[in-house]
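The shown structure was predicted, so the numbers you read here are calculated from the model rather than taken from an experiment. Chain naming here is simple, since letters A, B, ... match the order of the sequence lines and numbering starts at 1 in each.
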2 protein chains.
Amino acid sequence: MRAGFRREAPEDRRRQLAEAALRCIVRHGNAGVSARQIAMEAGVTQGLITHHFGEINELVAHAFDMMSDGMLDTVMTAVDSALPEPKARLEAFVENSFSPALFDRDVLGVWVVFWGLILHSPRMSASQKGEYTAYVVTVEKLITDYAEAEGCAIASPRLAAIGFTALMDGLWLAWCLNPEAFQPEEGIRIGKNWIEGLRLGAFA
Amino acid sequence: MRAGFRREAPEDRRRQLAEAALRCIVRHGNAGVSARQIAMEAGVTQGLITHHFGEINELVAHAFDMMSDGMLDTVMTAVDSALPEPKARLEAFVENSFSPALFDRDVLGVWVVFWGLILHSPRMSASQKGEYTAYVVTVEKLITDYAEAEGCAIASPRLAAIGFTALMDGLWLAWCLNPEAFQPEEGIRIGKNWIEGLRLGAFA
DNA sequence: AGAGAAATTATACGATCATATAATTTCTCT
DNA sequence: AGAGAAATTATATGATCGTATAATTTCTCT
């Protein structure tokens with residue numbers, strides 16, 4: 001006897017499959033990017049991936065977009081619930097970037113897989129360009145608001161935002177690869193020191 | 001008729017295989033980590049990998065150690081051929097980190113594969129800990145020399161070195177993933193702005 | 001109720017994977 | 001020169017890979 005199955009709306013199924021893919025990637029890294037494994041994790045058969053995504057790379061790209069949007073939302077929701085002063089918002093950004101929800105080896109593990117794909121897949125690269133731009137623009141706004149409130153000059157807010165983003169990503173990477181390297185609180189301290197450099201005019 | 005083969009010293013063969021592995025990883029990313037592909041690239045048969053390394057992960061770890069040492073050597077050789085003043089040395093470090101030899105998509109592609117393995121393999125993680133520590137210690141020396149020469153206070157040279165390293169790695173990552181994001185010269189500018197923040201007392 | 005569309009399963013195919021084992025070749029040493 | 005050790009090849013095995021195709025089930029709509 002054949003087992004029955006539930007029929008679901010395409011958007012729901014696509015989300016379920018993407019979430020299953022993320023769990024597989026967390027568990028096995030690059031080796032987790034496998035149509036068979038993902039389908040089993042989602043409790044469906046492999047054919048469903050072909051049906052909804054065509055090729056598996058499209059499924060992974062969808063998971064990337066979902067996760068990318070989710071992470072920026074998470075940190076910005078926290079920023080928006082902080083005090084409205086620009087300094088408080090910028091510091092909330094730092095503190096939340098180092099919160100356990102994001103400063104997490106499993107999360108980085110997923111991103112490392114994405115990075116590898118971005119370098120070799122035009123489809124993934126296209127997604128990344130959009131996500132990165134959105135991220136930097138958001139950071140730039142936080143920085144210019146802060147600079148205006150503190151009355152400090154910034155020659156290129158864009159470069160400051162790129163640098164600050166790079167610092168946060170680099171700390172995330174370094175800590176996840178080797179959590180013994182420094183404490184999360186030390187990461188927050190480094191981020192705030194960077195802000196202090198900005199205030200002192202390092203980017204003027 | 002069987003093709004003849006040359007017999008080589010184990011160290012030579014191990015190096016050849018590691019170099020072939022790096023070329024395969026550059027070409028195909030994670031998919032390049034394959035005993036068959038690497039053996040073919042090196043012009044030998046797969047059995048040789050088993051013979052010299054046992055399992056393929058050990059070969060990749062060997063390639064990681066080789067490349068890691070080589071990159072630090074490359075940049076420090078350039079630093080040592082700069083003017084002896086601490087400021088010139090630190091700036092030479094920045095400028096050389098953004099030179100085409102290191103600021104390169106192919107190079108990052110190899111590292112992304114390594115990062116993925118570090119997160120899932122104790123063997124690779126052990127190598128990474130050592131390489132990272134060596135890197136940060138080197139950077140810390142450059143920074144403390146600079147701080148002494150400029151007469152600026154640094155509360156924790158270790159944290160400053162971790163932050164500076166993270167900034168450079170983050171810029172490397174961001175640019176390689178999306179070379180349109182900023183120009184290499186802009187990366188140098190960001191690095192030097194960080195140094196200026198240090199001088200102004202952001203880390204005091 | 002029942003027909004048609006779409007979601008889902010079932011199955012098959014050829015390629016590639018890592019690794020083990022045994023046969024063979026090369027080189028060194030005496 | 002020739003024997004032995006080690007490097008290397010040759011070959012086999014079973015697992016997993018992505019994807020295509022056809023059969024089947026579910027659900028909606030009239």
Side-chain angles (χ1 to χ4, degrees), chain A residues 1-21 23-25 27-64 113 116-117 120-124, chain B residues 1-21 23-25 27-64 113 116-117 120-124:
Chain A
M1 101 187 127
R2 263 189 175 175
F5 58 87
R6 270 190 69 199
R7 187 175 180 162
E8 309 225 359
E11 317 88 77
D12 291 340
R13 205 52 114 177
R14 285 166 63 90
R15 183 180 38 74
Q16 291 169 15
L17 285 167
E19 288 168 351
R23 288 193 299 273
C24 288
I25 294 173
R27 208 174 315 142
H28 297 118
N30 292 285
V33 182
S34 146
R36 288 168 199 273
Q37 284 181 44
I38 294 169
M40 174 171 297
E41 173 72 24
V44 299
T45 52
Q46 324 163 32
L48 208 53
I49 291 177
T50 304
H51 183 255
H52 285 292
F53 291 97
E55 63 173 357
I56 196 172
N57 292 332
E58 197 61 30
L59 161 55
V60 177
H62 188 245
F64 172 59
V113 172
L117 298 173
H120 292 89
S121 150
R123 168 67 181 83
M124 286 291 287
Chain B
M1 107 184 131
R2 263 188 175 175
F5 59 87
R6 269 189 71 199
R7 184 175 180 162
E8 310 226 2
E11 317 87 78
D12 292 339
R13 203 52 112 178
R14 286 167 62 90
R15 182 180 39 73
Q16 291 169 15
L17 285 167
E19 287 168 351
R23 289 193 299 274
C24 288
I25 293 174
R27 207 175 316 141
H28 296 119
N30 291 283
V33 181
S34 145
R36 287 168 200 272
Q37 286 182 43
I38 294 169
M40 173 172 296
E41 173 71 25
V44 298
T45 51
Q46 323 163 31
L48 208 52
I49 292 177
T50 302
H51 183 256
H52 284 294
F53 291 97
E55 64 172 355
I56 198 174
N57 292 333
E58 196 63 30
L59 161 55
V60 177
H62 188 243
F64 172 59
V113 172
L117 297 173
H120 292 89
S121 148
R123 168 70 181 82
M124 286 291 287

Kindly give the atom pairs (protein nitrogen or oxygen, nucleotide nitrogen or oxygen) under 3.5 Å for nucleotides 5-7 of chain D.
| residue | atom | partner | partner atom | Å |
| --- | --- | --- | --- | --- |
| dA6(D) | O4' | Arg7(B) | NH2 | 3.2 |
| dA6(D) | N3 | Arg7(B) | NH1 | 3.4 |
| dA6(D) | N3 | Arg7(B) | NH2 | 3.2 |
| dA7(D) | OP2 | His51(B) | NE2 | 3.2 |
| dA7(D) | O4' | Arg7(B) | NE | 3.2 |

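Gln46(A) places its CD atom 11 Å from the P atom of dT9(C), with the value rounded to the nearest Å. As rounded to whole Å, 11 Å separates atom P of dT9(C) from atom CD1 of Ile49(A). A straight line from CE of Met40(B) to P of dT8(D) spans 18 Å, rounded to a whole angstrom.
For Gln37(B) and dC17(C), the shortest distance from a side-chain N or O to OP1 or OP2 is below 4.0 Å. Contact check, Thr45(B) against dA10(D): no side-chain N or O comes under 4.0 Å of OP1 or OP2. Contact annotation: Ser34(B) reaches the phosphate of dA18(C) (side-chain N/O to OP1 or OP2, under 4.0 Å).
Residues Gln16(B) and Val44(B) form no side-chain contact, since every pair of their non-hydrogen atoms from C-beta on lies 4.5 Å or further apart. In this structure the side chain of Asn30(A) never reaches within 4.5 angstrom of the side chain of Val33(B), judged on heavy atoms. Side-chain contact check for Val60(A) versus Val113(A): every heavy-atom pair is 4.5 Å or farther apart.
Note on Glu11(B) versus Arg15(B): no salt bridge recorded, every NZ/NE/NH1/NH2 to OD/OE distance being 4.0 Å or above.
A pairwise comparison of heavy atoms in Glu58(A) and Phe53(A) identifies CB-O, 3.5 Å as the closest pair.
Of all nucleotides present, only dA23(D) satisfies the Watson-Crick or G-U wobble test against dT8(C), with each distance under 3.5 Å.
Formation of a donor-acceptor pair under 3.5 Å by the Arg27(A) side chain with backbone atoms of Gly32(A) is not found in this model.
Among the atoms of the strands shown, only primed sugar atoms or phosphate atoms (P, OP1, OP2) are found under 4.0 Å from some heavy atom of Ile56(A).
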